[in-house]
Amino acid sequence: MPSTLSDAFKGHPVHHHHKHPDFTSLQELPDSYAWTQLDENSTAVCEGVPVIDLHDPNALQLIGHACKTWGVFQIINHGISTSLLEKIESTSRSLFSLPIQQKLKASRPPDGVSGYGLARISSFFSKLMWSEGFTIAGSPLDHFCQLWPENYSQYCDVIDEYEREMKNLAGRLMWLMLGSLGITKGDIKWAGPKGELKDTCSALQLNYYPACPDPDRAMGLAAHTDSTLLTILYQNTTSGLQVLKEGTGWVTVPPISGGLVVNVGDLLHIISNGAYPSVLHRAVVNRTKNRLSIACLYGPPSNVQISPLPKLVGPSHPPLYRPITWSEYLGNKAKHFNKALSSVRVCTPLNDLNSIVEVV
Ligand SMILES: O=C(O)CCC(=O)C(=O)O
Ligand SMILES: [Fe+2]
(Lines give C-alpha, C1' and ligand atoms only; values in the text may rest on other atoms or scores of the structure.)
(Ligands and ions follow the chains in the order given, each with its own letter.)
Protein backbone atom coordinates (compact mmCIF):
# COMPACT_ATOMS: atom_id res chain seq x y z
CA MET A 1 0.00 0.00 0.00
CA PRO A 2 1.50 3.36 -0.91
CA SER A 3 1.97 5.64 2.07
CA THR A 4 3.11 8.88 0.51
CA LEU A 5 1.91 10.96 -2.35
CA SER A 6 4.92 10.05 -4.49
CA ASP A 7 4.24 6.36 -3.88
CA ALA A 8 0.62 6.96 -4.82
CA PHE A 9 1.62 8.58 -8.12
CA LYS A 10 4.26 5.94 -8.80
CA GLY A 11 1.59 3.32 -9.20
CA HIS A 12 0.15 5.29 -12.11
CA PRO A 13 2.93 6.24 -14.51
CA VAL A 14 2.16 8.85 -17.12
CA HIS A 15 3.73 8.35 -20.52
CA HIS A 16 4.29 11.45 -22.53
CA HIS A 17 4.58 11.21 -26.24
CA HIS A 18 6.03 14.71 -26.43
CA LYS A 19 9.60 15.90 -26.03
CA HIS A 20 10.28 18.88 -23.86
CA PRO A 21 10.59 22.12 -25.84
CA ASP A 22 13.02 25.01 -25.58
CA PHE A 23 10.68 27.99 -25.69
CA THR A 24 13.47 30.53 -26.06
CA SER A 25 14.13 29.27 -29.59
CA LEU A 26 10.53 29.62 -30.78
CA GLN A 27 9.62 32.87 -32.58
CA GLU A 28 6.37 31.57 -34.01
CA LEU A 29 3.78 29.18 -32.69
CA PRO A 30 4.61 25.74 -34.11
CA ASP A 31 1.64 23.70 -35.30
CA SER A 32 2.14 21.25 -32.43
CA TYR A 33 1.18 24.08 -30.03
CA ALA A 34 -1.74 25.47 -32.03
CA TRP A 35 -5.02 24.63 -30.32
CA THR A 36 -8.22 25.46 -32.13
CA GLN A 37 -9.16 29.07 -31.48
CA LEU A 38 -9.88 29.51 -27.79
CA ASP A 39 -13.42 30.57 -27.15
CA GLU A 40 -13.91 34.30 -26.76
CA ASN A 41 -14.02 35.10 -23.08
CA SER A 42 -14.42 38.84 -23.25
CA THR A 43 -18.03 38.88 -22.02
CA ALA A 44 -18.17 41.57 -19.37
CA VAL A 45 -18.47 39.84 -16.02
CA CYS A 46 -20.06 42.00 -13.35
CA GLU A 47 -19.19 39.83 -10.40
CA GLY A 48 -15.78 38.30 -10.02
CA VAL A 49 -14.33 35.53 -7.92
CA PRO A 50 -14.89 36.52 -4.25
CA VAL A 51 -12.01 38.05 -2.30
CA ILE A 52 -12.18 37.14 1.39
CA ASP A 53 -10.28 38.73 4.25
CA LEU A 54 -9.47 35.95 6.70
CA HIS A 55 -9.67 38.52 9.53
CA ASP A 56 -13.30 39.26 8.62
CA PRO A 57 -15.57 38.05 11.43
CA ASN A 58 -17.86 36.61 8.74
CA ALA A 59 -15.04 34.70 7.01
CA LEU A 60 -16.67 31.31 7.70
CA GLN A 61 -19.97 32.24 6.02
CA LEU A 62 -18.25 34.06 3.17
CA ILE A 63 -16.04 31.05 2.48
CA GLY A 64 -19.02 28.68 2.55
CA HIS A 65 -20.93 30.84 0.09
CA ALA A 66 -17.91 31.16 -2.22
CA CYS A 67 -17.34 27.40 -2.16
CA LYS A 68 -20.97 26.67 -3.04
CA THR A 69 -21.35 29.23 -5.78
CA TRP A 70 -17.86 29.33 -7.30
CA GLY A 71 -15.69 26.55 -5.90
CA VAL A 72 -12.93 29.15 -5.78
CA PHE A 73 -12.05 32.37 -3.93
CA GLN A 74 -9.09 34.58 -3.16
CA ILE A 75 -7.82 35.25 0.35
CA ILE A 76 -5.99 38.17 1.92
CA ASN A 77 -4.67 38.51 5.49
CA HIS A 78 -3.80 34.83 5.37
CA GLY A 79 -0.66 35.10 7.45
CA ILE A 80 1.86 34.12 4.76
CA SER A 81 4.49 36.86 4.71
CA THR A 82 5.25 38.88 1.61
CA SER A 83 8.91 38.02 2.00
CA LEU A 84 8.17 34.28 1.83
CA LEU A 85 6.04 34.82 -1.29
CA GLU A 86 8.90 36.79 -2.83
CA LYS A 87 11.37 34.05 -1.95
CA ILE A 88 9.28 31.27 -3.50
CA GLU A 89 8.75 33.39 -6.61
CA SER A 90 12.45 34.10 -7.03
CA THR A 91 13.36 30.45 -6.38
CA SER A 92 10.91 29.36 -9.07
CA ARG A 93 12.22 32.01 -11.44
CA SER A 94 15.83 30.89 -10.88
CA LEU A 95 14.78 27.33 -11.61
CA PHE A 96 12.98 28.03 -14.86
CA SER A 97 15.67 30.42 -16.12
CA LEU A 98 18.35 27.70 -15.98
CA PRO A 99 19.53 26.40 -19.39
CA ILE A 100 17.27 23.65 -20.72
CA GLN A 101 20.07 21.05 -20.51
CA GLN A 102 20.44 21.81 -16.82
CA LYS A 103 16.71 21.54 -16.18
CA LEU A 104 16.54 18.23 -18.03
CA LYS A 105 19.01 16.79 -15.51
CA ALA A 106 16.17 17.07 -12.98
CA SER A 107 13.50 15.59 -15.27
CA ARG A 108 10.54 13.82 -13.77
CA PRO A 109 11.03 10.07 -14.34
CA PRO A 110 8.14 8.31 -16.15
CA ASP A 111 7.09 6.47 -12.98
CA GLY A 112 7.70 9.40 -10.64
CA VAL A 113 5.93 12.53 -9.56
CA SER A 114 8.77 14.92 -8.70
CA GLY A 115 10.89 16.80 -11.17
CA TYR A 116 10.93 18.97 -14.25
CA GLY A 117 8.67 18.33 -17.22
CA LEU A 118 5.45 18.84 -19.06
CA ALA A 119 2.19 19.10 -17.17
CA ARG A 120 1.04 15.61 -16.10
CA ILE A 121 -2.21 16.15 -18.02
CA SER A 122 -0.29 16.61 -21.30
CA SER A 123 -0.66 12.93 -22.11
CA PHE A 124 -4.42 13.45 -22.62
CA PHE A 125 -3.96 16.00 -25.40
CA SER A 126 -2.51 15.81 -28.86
CA LYS A 127 -1.43 19.47 -28.77
CA LEU A 128 1.34 20.77 -26.54
CA MET A 129 0.82 23.30 -23.78
CA TRP A 130 2.81 26.51 -23.62
CA SER A 131 4.29 25.91 -20.19
CA GLU A 132 6.94 24.18 -18.16
CA GLY A 133 6.44 22.63 -14.76
CA PHE A 134 8.37 21.38 -11.78
CA THR A 135 6.67 19.13 -9.24
CA ILE A 136 7.93 18.68 -5.69
CA ALA A 137 6.54 15.81 -3.59
CA GLY A 138 8.78 15.01 -0.66
CA SER A 139 12.28 16.45 -0.48
CA PRO A 140 13.57 18.38 -3.50
CA LEU A 141 17.15 17.69 -2.40
CA ASP A 142 18.22 15.20 -5.09
CA HIS A 143 16.81 17.26 -7.93
CA PHE A 144 18.09 20.55 -6.55
CA CYS A 145 21.62 19.07 -6.26
CA GLN A 146 21.42 18.43 -10.01
CA LEU A 147 20.12 21.94 -10.75
CA TRP A 148 22.38 23.93 -8.44
CA PRO A 149 25.36 21.77 -7.40
CA GLU A 150 26.88 24.67 -5.43
CA ASN A 151 23.99 26.37 -3.69
CA TYR A 152 21.12 23.90 -3.60
CA SER A 153 20.64 24.17 0.16
CA GLN A 154 19.37 27.78 0.15
CA TYR A 155 16.73 26.78 -2.42
CA CYS A 156 15.76 23.67 -0.43
CA ASP A 157 15.25 25.85 2.65
CA VAL A 158 12.81 28.10 0.80
CA ILE A 159 10.80 25.11 -0.42
CA ASP A 160 10.70 23.58 3.07
CA GLU A 161 9.53 26.80 4.67
CA TYR A 162 6.93 27.46 1.98
CA GLU A 163 5.57 23.95 2.11
CA ARG A 164 5.34 24.01 5.92
CA GLU A 165 3.47 27.31 5.96
CA MET A 166 1.16 26.31 3.11
CA LYS A 167 0.25 23.05 4.79
CA ASN A 168 -0.73 24.91 7.94
CA LEU A 169 -2.81 27.37 5.97
CA ALA A 170 -4.43 24.57 3.97
CA GLY A 171 -5.45 22.85 7.21
CA ARG A 172 -6.99 26.07 8.54
CA LEU A 173 -8.84 26.57 5.27
CA MET A 174 -10.11 23.02 5.21
CA TRP A 175 -11.73 23.45 8.63
CA LEU A 176 -13.27 26.76 7.54
CA MET A 177 -14.60 25.27 4.29
CA LEU A 178 -16.06 22.25 6.11
CA GLY A 179 -17.05 24.30 9.16
CA SER A 180 -19.52 26.31 7.15
CA LEU A 181 -21.28 23.01 6.29
CA GLY A 182 -21.61 22.22 10.00
CA ILE A 183 -18.70 19.79 10.03
CA THR A 184 -16.64 19.79 13.22
CA LYS A 185 -13.26 18.29 14.07
CA GLY A 186 -14.71 15.02 15.41
CA ASP A 187 -16.43 14.35 12.08
CA ILE A 188 -13.20 13.69 10.21
CA LYS A 189 -11.85 10.32 11.28
CA TRP A 190 -8.38 10.87 9.84
CA ALA A 191 -7.82 14.06 11.85
CA GLY A 192 -6.46 13.90 15.39
CA PRO A 193 -8.69 14.66 18.42
CA LYS A 194 -7.79 18.35 18.31
CA GLY A 195 -8.23 18.60 14.58
CA GLU A 196 -4.53 18.07 13.86
CA LEU A 197 -3.94 17.04 10.27
CA LYS A 198 -0.61 15.34 10.81
CA ASP A 199 -0.54 12.76 8.06
CA THR A 200 -2.01 14.86 5.31
CA CYS A 201 -0.04 14.94 2.08
CA SER A 202 0.87 17.86 -0.07
CA ALA A 203 2.91 18.62 -3.14
CA LEU A 204 4.07 21.81 -4.79
CA GLN A 205 3.60 22.43 -8.47
CA LEU A 206 5.67 25.26 -9.94
CA ASN A 207 4.36 26.46 -13.31
CA TYR A 208 6.06 28.77 -15.78
CA TYR A 209 4.33 30.24 -18.83
CA PRO A 210 6.76 32.06 -21.13
CA ALA A 211 5.50 35.01 -23.19
CA CYS A 212 3.95 33.54 -26.33
CA PRO A 213 4.02 34.86 -29.93
CA ASP A 214 0.42 33.76 -30.61
CA PRO A 215 -1.43 33.63 -27.27
CA ASP A 216 -4.94 33.34 -28.77
CA ARG A 217 -4.14 29.99 -30.31
CA ALA A 218 -1.95 28.65 -27.51
CA MET A 219 -2.92 27.03 -24.21
CA GLY A 220 -0.87 27.40 -21.03
CA LEU A 221 -2.56 24.63 -19.09
CA ALA A 222 -5.69 22.90 -20.39
CA ALA A 223 -8.96 22.85 -18.45
CA HIS A 224 -8.91 20.46 -15.52
CA THR A 225 -10.05 20.02 -11.95
CA ASP A 226 -7.51 19.30 -9.21
CA SER A 227 -7.38 15.83 -7.62
CA THR A 228 -6.97 17.44 -4.19
CA LEU A 229 -9.03 18.41 -1.18
CA LEU A 230 -8.07 21.98 -1.93
CA THR A 231 -5.37 23.85 -3.78
CA ILE A 232 -3.73 27.14 -2.77
CA LEU A 233 -2.27 29.05 -5.68
CA TYR A 234 0.16 31.93 -5.66
CA GLN A 235 0.32 33.77 -8.98
CA ASN A 236 2.65 36.61 -9.88
CA THR A 237 1.33 39.89 -11.28
CA THR A 238 0.55 38.52 -14.77
CA SER A 239 -2.99 37.20 -15.08
CA GLY A 240 -3.75 33.89 -16.80
CA LEU A 241 -5.83 31.75 -14.45
CA GLN A 242 -9.44 31.33 -15.56
CA VAL A 243 -12.27 29.42 -13.91
CA LEU A 244 -15.44 28.13 -15.52
CA LYS A 245 -18.56 29.60 -13.93
CA GLU A 246 -21.78 27.88 -14.79
CA GLY A 247 -23.99 30.13 -16.86
CA THR A 248 -21.24 32.71 -17.37
CA GLY A 249 -18.27 31.06 -19.04
CA TRP A 250 -14.56 31.49 -18.40
CA VAL A 251 -13.80 34.13 -15.78
CA THR A 252 -10.29 35.48 -15.20
CA VAL A 253 -9.02 35.43 -11.62
CA PRO A 254 -7.00 38.65 -11.50
CA PRO A 255 -3.81 38.65 -9.43
CA ILE A 256 -4.24 40.80 -6.33
CA SER A 257 -1.33 42.04 -4.30
CA GLY A 258 -0.51 39.60 -1.49
CA GLY A 259 -3.51 37.46 -2.38
CA LEU A 260 -3.72 33.69 -2.75
CA VAL A 261 -6.28 31.75 -4.78
CA VAL A 262 -8.00 28.81 -3.08
CA ASN A 263 -9.96 26.25 -5.05
CA VAL A 264 -12.06 23.24 -4.16
CA GLY A 265 -10.62 19.96 -5.46
CA ASP A 266 -12.30 16.68 -6.41
CA LEU A 267 -11.91 15.13 -2.94
CA LEU A 268 -13.59 18.02 -1.11
CA HIS A 269 -16.37 17.80 -3.67
CA ILE A 270 -16.75 14.13 -2.71
CA ILE A 271 -16.69 14.60 1.07
CA SER A 272 -19.08 17.57 0.83
CA ASN A 273 -21.43 15.19 -1.02
CA GLY A 274 -21.51 17.52 -3.98
CA ALA A 275 -22.26 20.71 -1.98
CA TYR A 276 -19.01 22.26 -3.23
CA PRO A 277 -18.18 22.06 -6.94
CA SER A 278 -14.65 21.10 -7.93
CA VAL A 279 -14.00 24.07 -10.17
CA LEU A 280 -12.82 23.56 -13.74
CA HIS A 281 -9.88 25.89 -14.43
CA ARG A 282 -7.16 26.56 -16.98
CA ALA A 283 -4.28 28.94 -17.63
CA VAL A 284 -4.01 31.13 -20.71
CA VAL A 285 -0.82 32.83 -21.87
CA ASN A 286 0.33 36.34 -22.66
CA ARG A 287 1.99 37.91 -25.70
CA THR A 288 4.54 40.04 -23.87
CA LYS A 289 4.75 38.88 -20.28
CA ASN A 290 5.80 35.61 -18.78
CA ARG A 291 3.85 34.23 -15.85
CA LEU A 292 4.63 32.14 -12.79
CA SER A 293 2.30 30.25 -10.53
CA ILE A 294 2.93 28.01 -7.55
CA ALA A 295 0.23 25.57 -6.51
CA CYS A 296 0.14 23.79 -3.17
CA LEU A 297 -1.81 20.58 -3.81
CA TYR A 298 -3.30 19.51 -0.49
CA GLY A 299 -4.89 16.17 0.27
CA PRO A 300 -5.65 13.65 3.01
CA PRO A 301 -3.34 10.81 4.08
CA SER A 302 -3.12 8.84 0.84
CA ASN A 303 -4.55 5.57 2.20
CA VAL A 304 -7.61 6.67 4.13
CA GLN A 305 -11.06 6.16 2.67
CA ILE A 306 -12.67 9.41 1.58
CA SER A 307 -16.44 9.44 1.27
CA PRO A 308 -19.39 11.81 1.64
CA LEU A 309 -19.52 12.81 5.32
CA PRO A 310 -22.41 11.14 7.21
CA LYS A 311 -23.71 14.54 8.39
CA LEU A 312 -24.19 15.59 4.77
CA VAL A 313 -26.02 12.43 3.80
CA GLY A 314 -29.69 11.76 4.49
CA PRO A 315 -32.90 10.49 2.91
CA SER A 316 -33.10 13.52 0.64
CA HIS A 317 -29.31 13.55 0.12
CA PRO A 318 -28.13 10.06 -0.73
CA PRO A 319 -24.35 9.64 -0.96
CA LEU A 320 -23.29 10.66 -4.45
CA TYR A 321 -19.89 8.91 -4.40
CA ARG A 322 -18.49 5.62 -3.21
CA PRO A 323 -15.59 5.60 -0.72
CA ILE A 324 -12.15 5.90 -2.32
CA THR A 325 -8.59 6.58 -1.15
CA TRP A 326 -6.60 9.45 -2.59
CA SER A 327 -4.15 6.97 -3.98
CA GLU A 328 -6.88 5.05 -5.82
CA TYR A 329 -8.43 8.31 -7.00
CA LEU A 330 -5.13 9.39 -8.57
CA GLY A 331 -5.16 6.11 -10.49
CA ASN A 332 -8.66 6.91 -11.74
CA LYS A 333 -7.53 10.37 -12.76
CA ALA A 334 -4.54 8.97 -14.65
CA LYS A 335 -6.96 6.73 -16.55
CA HIS A 336 -10.09 8.84 -16.97
CA PHE A 337 -8.78 12.43 -16.52
CA ASN A 338 -11.78 14.81 -16.41
CA LYS A 339 -14.21 11.87 -16.15
CA ALA A 340 -12.57 10.57 -12.95
CA LEU A 341 -15.26 12.02 -10.68
CA SER A 342 -18.10 10.47 -12.61
CA SER A 343 -16.28 7.14 -12.50
CA VAL A 344 -16.74 7.05 -8.69
CA ARG A 345 -20.26 8.43 -8.73
CA VAL A 346 -22.91 6.04 -7.44
CA CYS A 347 -26.03 8.13 -7.50
CA THR A 348 -27.62 10.77 -9.70
CA PRO A 349 -28.60 13.87 -7.71
CA LEU A 350 -32.27 13.97 -6.76
CA ASN A 351 -33.10 17.01 -8.88
CA ASP A 352 -31.75 15.20 -11.93
CA LEU A 353 -33.80 12.14 -10.99
CA ASN A 354 -36.88 14.35 -10.64
CA SER A 355 -36.37 15.69 -14.09
CA ILE A 356 -35.94 12.16 -15.43
CA VAL A 357 -39.17 11.14 -13.68
CA GLU A 358 -40.95 14.15 -15.15
CA VAL A 359 -39.76 13.29 -18.61
CA VAL A 360 -40.80 9.65 -18.18
O1 LIG B 1 -1.13 28.53 -13.37
C2 LIG B 1 -2.27 28.56 -12.96
O3 LIG B 1 -2.87 29.59 -12.74
C4 LIG B 1 -3.02 27.27 -12.73
C5 LIG B 1 -2.16 26.14 -12.24
C6 LIG B 1 -2.94 24.91 -11.95
O7 LIG B 1 -4.12 24.85 -12.17
C8 LIG B 1 -2.29 23.72 -11.40
O9 LIG B 1 -1.06 23.70 -11.22
O10 LIG B 1 -3.02 22.74 -11.10
FE1 LIG C 1 -5.07 23.13 -11.23
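In listed order, ligands and their atoms are each counted from 1. Atoms considered below: every heavy atom in the structure, side chains included; atoms not considered: hydrogens, waters and symmetry mates. Computed from a predicted structure; not experimentally measured.
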Exercise for the section: Kindly state each residue pair satisfying ring pair (Phe, Tyr, Trp, His ring centres under 6.0 Å) with at least one member in residues 210-247, sequence neighbours excluded. Expected result: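 Those involving residues 210-247 are His224-His281.
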Handout entry: Pairs involving residues 152-182, ordered by first then second residue, that meet ring pair (Phe, Tyr, Trp, His ring centres under 6.0 Å) (sequence neighbours left out)
Key =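 Sorted pair list: Trp148-Tyr155.
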Handout entry: Atom of His224 closest to the Fe ion (ligand 2), considering N, O or S atoms
Key =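 Output for this pair reads NE2.
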Practice task
Might you confirm whether atom NZ of Lys311 has over 12 heavy atoms from other residues, nucleotides or ligands at distances under 6.0 Å?
Solution key: yes
Exercise for the section: Quick one: list whatever passes side chain to side chain donor-acceptor pair (under 3.5 Å) with Lys87, sequence neighbours left out. Expected result: Glu161
Less than 3.5 Å apart, N/O on ligand 1 and N/O on the protein: could you list those pairs with the distances?
from: ligand 1; atom 1: 1 (O); to: Tyr209; atom 2: OH; distance (Å): 2.6
from: ligand 1; atom 1: 1 (O); to: Arg291; atom 2: NH1; distance (Å): 3.1
from: ligand 1; atom 1: 1 (O); to: Ser293; atom 2: OG; distance (Å): 2.7
from: ligand 1; atom 1: 3 (O); to: Arg291; atom 2: NH1; distance (Å): 3.2
from: ligand 1; atom 1: 3 (O); to: Arg291; atom 2: NH2; distance (Å): 2.8
from: ligand 1; atom 1: 7 (O); to: His224; atom 2: NE2; distance (Å): 3.2
from: ligand 1; atom 1: 7 (O); to: His281; atom 2: NE2; distance (Å): 3.1
from: ligand 1; atom 1: 9 (O); to: Asn207; atom 2: ND2; distance (Å): 3.0
from: ligand 1; atom 1: 10 (O); to: His224; atom 2: NE2; distance (Å): 3.2
from: ligand 1; atom 1: 10 (O); to: Asp226; atom 2: OD1; distance (Å): 3.4

Practice task
Could you point out which residue of Tyr321, Tyr329, Tyr276 forms a ring pair (Phe, Tyr, Trp, His ring centres under 6.0 Å) with His269?
Solution key: Tyr321
Exercise for the section: Just say parallel, tilted or perpendicular for the rings of Phe337 and Phe125, cut-offs at 30° and 60°. Expected result: perpendicular
Practice task
Measure the OG-CD1 distance between Ser227 and Ile121 for me, rounded to the nearest 0.5 Å.
Solution key: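 Reported to 0.5 Å precision, the distance equals 10.0 Å.
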Exercise for the section: Could you please compute the angle at the Fe ion (ligand 2) from NE2 of His281 to OD1 of Asp226, rounded to 10°? Expected result: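 Reported to 10°, the angle equals 90°.
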